[in-house]
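Shown next, in structure tokens, is the structure this report addresses.
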Amino acid sequence: MTPEVSQYWQHFIEQQQLPPNLQPAEIYSFGNTEQMANELARLVIIGQKTATTSAIELYEPDEHVPQVGDYNVILDGRDRPVAITKTIMWIVKYNQVDAEHAFLEGESDRTLAYWRSVHEPFFKAEYAEAGQVFTPTIACLCERFEVVTERRELR
């Protein structure tokens with residue numbers, strides 16, 4: 001954890017009166033470029049992006065799998081903390097992800113058609129990299145989150 005993230009986290013747990021030894025479940029940014037990470041962080045802060053999706057099968061054995069109640073530090077494209085979220089989630093097959101979840105992901109026109117148009121190629125690439133084959137029945141972790149603190153300068 002960088003000093004900047006540590007300070008941000010410490011301020012949060014003191015402000016929320018949480019146990020001083022509590023650690024964030026994950027510290028991450030969305031997307032795979034600085035520009036995308038900045039845009040998606042901004043969408044989180046303004047309340048437009050309140051969900052994300054991952055393939056359960058692709059988590060490494062030693063990797064943290066999100067759990068209900070997790071606190072996560074969201075980073076911008078330069079790895080600066082911009083928000084802390086709390087996780088709410090459920091598991092569903094890829095082909096059963098609904099329009100509501102696509103809308104909550106907050107990207108582009110927020111439709112299920114758009115969601116599928118970007119998630120299918122993403123998951124196909126992720127599965128290929130893992131030496132597996134994507135199918136429409138893969139189990140997806142549909143994670144919803146609420147922002148519990150943010151940096152207002154990104155609004």
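- There is no side-chain donor-acceptor pair under 3.5 Å between Y71 and T87.
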- request: In sequence, state the C-alpha distance, the side-chain angles, and the governing distance for R80 and E4, and then conclude on salt bridge (Lys or Arg N to Asp or Glu O under 4.0 Å).
  value: CA-CA 7 Å; R80 295 176 300 205; E4 185 177 8; 5.4 Å; no
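- Closest approach of M89 and P66 over heavy atoms only: CE-O, 2.8 Å.
- Closest non-hydrogen pair, W115 versus A102, comes out as CB-CB, 3.5 Å.
- Put simply, the side chain of Q67 gets close to the backbone of V65: a donor and an acceptor are under 3.5 Å apart.
- Not a single donor-acceptor pair under 3.5 Å links the side chain of E26 to the backbone N or O of N72.
- Looking at D76, its side chain never comes within 3.5 Å of a backbone N or O of N38 through a donor-acceptor pair.
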task: Might you work through the side-chain hydrogen bond (donor to acceptor under 3.5 Å, both in side chains) test for Q7 and H11, ending with a clear yes or no?
output: CA-CA 6 Å; Q7 181 180 14; H11 178 73; over 6 Å; no
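- Rounding to the nearest 0.5 Å places CD1 of I56 at 7.5 Å from SG of C140.
- Environment of NE2 in H64: crowded, with over 12 heavy atoms of neighbouring residues, nucleotides or ligands closer than 6.0 Å.
- Distance alone, capped at 3.5 Å, places no donor-acceptor pair between the W9 side chain and the I84 backbone.
- Counting only distance, with no hydrogens or angles, the side chain of E105 and the backbone of T53 share a donor-acceptor pair below 3.5 Å.
- Hydrophobic clustering of Ile, Leu, Val, Met, Phe, Trp and Tyr side chains at less than 4.5 Å, counting indirect connections, keeps L58 apart from Y28.
- Residues I27 and M1 meet the side-chain proximity criterion, which asks for heavy atoms closer than 4.5 Å.
- Judged by the 6.0 Å and 45° rule, K86 forms no cation-pi pair with F145.
- Below 30°, between 30° and 60°, or above 60°: for H119 and F123 the angle between ring planes is between 30° and 60°, a tilted geometry.
- Of all heavy-atom pairs spanning Q48 and G106, the tightest one is NE2-O, 2.7 Å.
- Side-chain heavy atoms closer than 4.5 Å link hydrophobic residues (I, L, V, M, F, W, Y) into clusters, and following such links, even through other members, never connects I88 to V148.
- The nearest pair of heavy atoms linking A41 to L75 is CB-O, 4.1 Å.
- No path of Ile, Leu, Val, Met, Phe, Trp and Tyr side chains, each step under 4.5 Å between heavy atoms, connects F30 with V118, placing them in separate hydrophobic clusters.
- Under the 4.5 Å side-chain heavy-atom criterion for Ile, Leu, Val, Met, Phe, Trp and Tyr, V82 and L40 are members of the same hydrophobic cluster.
- The line from CG of L104 to SG of C142 is 10.5 Å long, rounded to the nearest 0.5 Å.
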- request: Take I74 and T85 through the side-chain contact (heavy atoms from CB on, under 4.5 Å) test and state the conclusion after the steps.
  value: CA-CA 7 Å; I74 307 302; T85 61; 3.8 Å; yes
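- Atom CD in Q10 sits 6.0 Å away from atom CD in E14 (nearest 0.5 Å).
- Each salt bridge (Lys or Arg N to Asp or Glu O under 4.0 Å) pair with one or both residues in residues 117-126, not counting sequence neighbours, appears once here: E120-K124.
- Contact check for Y127 versus T135: no side-chain heavy atoms found under the 4.5 Å cut-off.
- Closest of all the heavy-atom pairs between G31 and M36 is CA-SD, 3.3 Å.
- The backbone N or O of P3 sits nowhere less than 3.5 Å from a side-chain atom of S6 that would complete a donor-acceptor pair.
- The only member of R116, K49, R42 that meets salt bridge (charged side-chain N to carboxylate O under 4.0 Å, His left out) when paired with E107 is K49.
- The shortest non-hydrogen separation linking P19 to I13 is O-CD1, 3.9 Å.
- Taking the ring-ring contact (aromatic ring centres under 6.0 Å, His included) definition, one finds that F134 meets it with Y94, sequence neighbours left out.
- Both V68 and Y59 are assigned to one and the same hydrophobic cluster, defined by single-linkage of ILVMFWY side chains at heavy-atom distances under 4.5 Å.
- Residues V44 and V147 meet the side-chain proximity criterion, which asks for heavy atoms closer than 4.5 Å.
- Evaluation of the ring-ring contact (aromatic ring centres under 6.0 Å, His included) rule for F103 yields no partner, not counting sequence neighbours.
- Applying the 6.0 Å contact sphere to CD of Q35 captures no more than 12 heavy atoms from other residues, nucleotides or ligands.
- Between E100 and R144 a salt bridge is recorded (basic side-chain N to carboxylate O distance below 4.0 Å).
- When the shell of 6.0 Å around CD of E63 is examined, it contains more than 12 heavy atoms from other residues, nucleotides or ligands.
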